[in-house]
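The structure appears below as structure tokens.
The chains referred to below are lettered A, B, ... by the order of the sequence lines, with proteins before strands, and numbering in each begins at 1.
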2 protein chains.
Amino acid sequence: MPVDPLNGRREVTVSDVAAAAKVSKATAARVLGGYGAASEAVRDRVQAAAEQLGYHPNALAKTMTTGRSNSIGIIVGDIENPFFAQATRGAADVAKAAGYDLILLNSDEHAVAEENAISVLLAKRVDGILVAPASTTDPSSLREAVERARPMVLFDRVADGLDVDTVVADNLAGARRLAQLLLDAGHRRIAFVSTIAHADEYRVGDRLGSSSVDDRVRGFVGALADAGVDDPARFVRLNARDGVPAVVRALVDDGITAIVASDSLIAQAAFRELRTLGRRIPDDVSLVAFDDADWTSLSAPGITVMAQPIHEIGAEAARLLIRRIAGDGAPTEHVVLPQRLVERESIAPPRS
Amino acid sequence: MPVDPLNGRREVTVSDVAAAAKVSKATAARVLGGYGAASEAVRDRVQAAAEQLGYHPNALAKTMTTGRSNSIGIIVGDIENPFFAQATRGAADVAKAAGYDLILLNSDEHAVAEENAISVLLAKRVDGILVAPASTTDPSSLREAVERARPMVLFDRVADGLDVDTVVADNLAGARRLAQLLLDAGHRRIAFVSTIAHADEYRVGDRLGSSSVDDRVRGFVGALADAGVDDPARFVRLNARDGVPAVVRALVDDGITAIVASDSLIAQAAFRELRTLGRRIPDDVSLVAFDDADWTSLSAPGITVMAQPIHEIGAEAARLLIRRIAGDGAPTEHVVLPQRLVERESIAPPRS
DNA sequence: TTGAAAGCGCTAACAC
DNA sequence: GTGTTAGCGCTTTCAA
């Protein structure tokens, strides 16, 4: 029953057009699909018939025979997070220009959701997958894609033991720079705050679940160590998932004089809590963060941040993916994009 | 040649599993697809074979025969705009729970891009389409979908002459409320600023390209008129696309004492320009806006805003769409969600 | 409960 | 330049 289950009507097919134009199905398909050759006369007849009948190609049928869907999947932590929204836009623009559409899935940074997402995308026969892996250290949820030899490009974070292209920002250098700024201002008791989950207190050598946070922490700790700060690892506060305010409170009680927020959302929570506590930025506490979010230039004071080329991260990832889809067999590429410091007014020398 | 063009390998199909399990293709398909009936023994054999061969369903082939793709298209102005990102997330969650995925397309508020998006989605045989129409007054780009009887639900704005479900916020009431707040504070020279394109100076009775902006303007003008303000339409500033700062400057020169920003991006630009001009909020100029964006509670002063249930707009639109896809033939529904006032510190009595 | 066969709408050989 | 014929991988009658 060749009827459309959605409305009981039947869509016009190549066969219909062929019949109306009195040519074979193959010929009609050739002019409609824009491949092969056809005489001027036939071409006109077919196009007229198509127009008249209201022919609309079925991309799915095409995919069935060509094996190419012209869609790529993108798995982000949460599209509501401005970081992912921007990266997605960057990817979407590149994809669109190359004739691809995006199937968007949120993982909420959970491996199971990520694995489901991969399955769905593979089942829908996307030509490739872009993903910000939920876990750098255990990317088993992504392995299926690799095993089934589907082109995949990771962005924002890398994944251990996965031989695929990656596009990330230079978080190590960025974190170093941010910490150095604080150190230069005279701070010694500087905290690094992240919501990332981690089993224990952070210790040098620990591997974090997100390579970008891992790089930031290492850059931070490295800078402090180089400056002669004793046991910098003790200033790293992870697991702040639901409790950035509480963490900030504890930090303030501990006499910390500066905070490095691992992302803009954490910085926001810290900013609010500091305000609630009546601590002034930067007089009482200095605050710096990653990502040049809107609010960081609208708040008083403006926040000094390490800006990431978010758009470009998404765009570059899409470019690499499309190259792979096209069959580029070059060795795996690991792109690291530079970050950019935006200095504002949230740093001052420590109080005491 | 049944090979995968992407990697030269061939995916395992129902036929392969059937052969290995020594049953017919139909039987294998029944157990693999989870429909029809099969004896325990056969079921086990098929599943074992599938497992062993590494069978993965081809959703496209399924769509070909069933006509259902389990994907829905969503067309937004720009996914980078927090409003659309949030609405998309709301829609994604509802869609996912019902087994649908989202194909995301940006229209940049252009009718041609919107029309292309519709074509692409229709070609990919999505089961339905969610769209924030680029134009309320000329939704011809959406007509194809309606004519082809594809379920479609509009969100954030309605479209003239299109008999489809819509989900919008109560912008008329929201704008009235915002204007009233300013009026109550003593303001009489209040401007409404929007980036929407409009041929001429705004005049009462004009129809704007976006129903939500149109409603906001009407609510604004209505409130001023009710308060006895003479010719309120002259306070409406449209076409601010690239020049919110310039518009704000002119407004200040004109002695305006309060500004209603049509959305959070405009409010942001206005906030910056006012700061640049050295005008203080709310002492020199009062400022209110739509959307409870992050920054409005982080800035100094905090901005009084009319919050929209953005998440819910997307979610509700998805719910309606899914109902239609399921074959609900109920009359077209037009959902209007209430807005919520969030009072902060950006309103004060006018200076003079 | 199981199987045979047809068909979804298209493209891809291959022949003429 | 055009037509014929097979499929792509699945679901769906219809019989047995």
*Which whole-number value in Å describes the distance from A:M64 CE to C:dC10 C1'?*
9 Å
*Go through D:dC10, D:dT11, C:dT2 for me and flag the one nearest to the B:A61 side chain.*
D:dC10
*asked:* Whole angstroms only, please: what is the CG-C1' distance between A:L60 and C:dC8?
replied: 10 Å
*Whole-Å distance separating the NZ atom of A:K22 from the C1' atom of D:dG3*: 16 Å
*asked:* How many whole angstroms separate atom CG of B:N58 from atom C1' of C:dC8?
replied: 13 Å
_Short side-chain N/O contact from B:T13 to OP1 or OP2 of D:dG9, under 4.0 Å_ = no
_Whole-Å gap separating C1' (D:dC10) and NE2 (B:H56)_ = 17 Å
_Could you tell me how far apart A:R10 (CZ) and C:dC10 (C1') are, to the nearest whole angstrom?_
13 Å
_Interatomic distance, B:K25 NZ vs C:dA5 C1' [rounded to whole Å]_ = 9 Å
*Considering the options A:V131, A:L130, A:I75, which one meets the side-chain contact (heavy atoms from CB on, under 4.5 Å) requirement together with A:L121?*
A:I75
*Starting from C1' on C:dA12, measure out to NZ on A:K62 and report it in whole angstrom.*
13 Å
*Partner set under side-chain contact (heavy atoms from CB on, under 4.5 Å) for B:V336, not counting sequence neighbours*: B:V168, B:D170
*asked:* Test side-chain contact (heavy atoms from CB on, under 4.5 Å) on B:R68 and B:I325; report intermediate values, then the result.
replied: CA-CA 10 Å; B:R68 308 288 303 263; B:I325 293 172; 3.2 Å; yes
*asked:* Using C1' atoms of five pairs at each end, report the bend of the helix from C:dT1-D:dA16 to C:dC16-D:dG1 rounded to 10 degrees.
replied: 30°
*asked:* If you define the side chain from C-beta out and look only at heavy atoms, does anything of A:V42 sit under 4.5 Å from A:R45?
replied: yes
*Among C:dG3, C:dG9, D:dG9, which is the nearest nucleotide to the side chain of B:V23?*
C:dG3
_Short side-chain N/O contact from A:T65 to OP1 or OP2 of C:dT11, under 4.0 Å_ = no
*Which ones in residues 26-41 of chain B lie close to DNA chain D, meaning a heavy atom under 4.0 Å from one of its atoms?*
B:A26, B:A29, B:Y35
_Ion pair check, B:D165 and B:R323, cut-off under 4.0 Å_ = no
*Is any side-chain heavy atom of B:Y55 closer than 4.5 Å to a side-chain heavy atom of B:V14?*
yes
*Would you please test B:T88 and A:L104 for side-chain contact (heavy atoms from CB on, under 4.5 Å) and show each step?*
CA-CA 10 Å; B:T88 298; A:L104 171 75; 3.9 Å; yes
*Heavy atoms, side chains only, cut-off 4.5 Å: are A:L320 and A:E333 in contact?*
yes
*Charged N-O contact under 4.0 Å between B:R43 and B:E40*: no
